[in-house]
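A short worksheet on the structure shown next.
All values below were derived from every heavy atom in this structure, side-chain atoms included, with hydrogens, water molecules and symmetry-related copies excluded. Order of the sequence lines sets the chain letters (A, B, ...), proteins ahead of strands, with each chain counted from 1.
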Amino acid sequence: GDSVTQMEGPVTLSEEAFLTINCTYTATGYPSLFWYVQYPGEGLQLLLKATKADDKGSNKGFEATYRKETTSFHLEKGSVQVSDSAVYFCALSAVNAGNMLTFGGGTRLMVKP
Amino acid sequence: KAGVTQTPRYLIKTRGQQVTLSCSPISGHRSVSWYQQTPGQGLQFLFEYFSETQRNKGNFPGRFSGRQFSNSRSEMNVSTLELGDSALYLCASSLSVNYGYTFGSGTRLTVV
């Protein structure tokens, strides 16, 4: 079945450091890929998305590129802030799975001043 | 515009009871999905409704059910609650999957 694998956290960085959170997937066909962010006590917010190979999603300084050859969708940010501290989820929606999202396990990011 | 609204935010129930959670999607969104989030299992898909029809269902027992009304509002019901049903239940609505889903803040259910 479809699956998403994320690097385990927590990831602890100092403010202004470079962030990478790895995400790889297994799916048939060409899934759409998403990154969601969850702040404490809240639901998930869509951070960015990509719907086809080589697409780059970007939002609020975060970027991720849909790499079909490596089945990856790594999240990056050039300079993190304390306010970026949250849990990040990589997810996919496969063509043959309707509107169902399959999530990775989540990666907690902690940014220290 | 208003986001996805879930009520109530918190619930405490006793084993064996049943519970109903409510979700109001973003206006114009006809697809509503439900997810269960637990520390052990992560985020798991429960079911999806579109125009009052269940289109997709996850791997959960029949105690978990849902429905969608003509105004796209959705409810999910869990009968004969078990301790393991304690979780954050998230509702999400969408125009279509490629637009991404908008999630509500969730209902935190505690079964004692």
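- In this structure, chain A has a heavy atom under 4.5 Å from the side chain of B:Arg9, while its backbone stays farther away.
- Using a 4.5 Å heavy-atom cutoff, the side chains of A:Leu46 and B:Thr102 are not in contact.
- Note: the hydrophobic cluster containing B:Trp34 also contains B:Val111 (ILVMFWY, side chain heavy atoms under 4.5 Å, direct or indirect links).
- Neither the backbone nor the side chain of A:Gln45 comes within less than 4.5 Å of any heavy atom of chain B.
- Side-chain heavy atoms closer than 4.5 Å link hydrophobic residues (I, L, V, M, F, W, Y) into clusters, and following such links, even through other members, never connects A:Val4 to A:Leu44.
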**OP:** Report the C-alpha separation of A:Leu101 and B:Leu43 in whole Å, then their side-chain angles, then the decisive distance to 0.1 Å, and conclude whether the side-chain contact (heavy atoms from CB on, under 4.5 Å) test is met.
**Re:** CA-CA 9 Å; A:Leu101 288 169; B:Leu43 282 152; over 6 Å; no
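- Summarising the local packing, CD of B:Gln17 is surrounded by more than 12 heavy atoms from other residues, nucleotides or ligands at distances under 6.0 Å.
- Using a 4.5 Å cut-off between heavy atoms, B:Gln44 does not touch chain A at all.
- Put simply, CD on A:Gln38 and CG on B:Leu88 are 6.5 Å apart, with the number rounded to the nearest 0.5 Å.
- Side chains of B:Phe47 and A:Met100 form no contact here, defined as non-hydrogen atoms less than 4.5 Å apart.
- The 12-atom threshold is exceeded at CZ of B:Arg73, counting heavy atoms of other residues, nucleotides or ligands nearer than 6.0 Å.
- Within 6.0 Å of CG in B:Asn71 there are more than 12 heavy atoms belonging to other residues, nucleotides or ligands.
- Residue-environment remark: CZ (B:Phe69) exceeds the threshold of 12 foreign heavy atoms within 6.0 Å.
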Original post:
Step by step, would you call B:Tyr101 with A:Lys49 a side-chain contact (heavy atoms from CB on, under 4.5 Å)?
Top reply: CA-CA 10 Å; B:Tyr101 278 95; A:Lys49 62 182 173 72; over 6 Å; no
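- The aromatic ring centroids of A:Phe103 and B:Tyr35 lie less than 6.0 Å from each other.
- Counting heavy-atom neighbours within 6.0 Å of A:Glu16 CD, excluding the residue itself, gives a total of 12 or less.
- Contact annotation: the side chain of A:Tyr36 approaches that of B:Phe103 to within less than 4.5 Å [non-hydrogen atoms, C-beta and beyond].
- More than 12 non-hydrogen atoms from other residues, nucleotides or ligands lie less than 6.0 angstrom from CZ of B:Arg63.
- In this structure, the side chains of A:Thr102 and B:Phe45 stay at 4.5 Å or more apart for every pair of heavy atoms.
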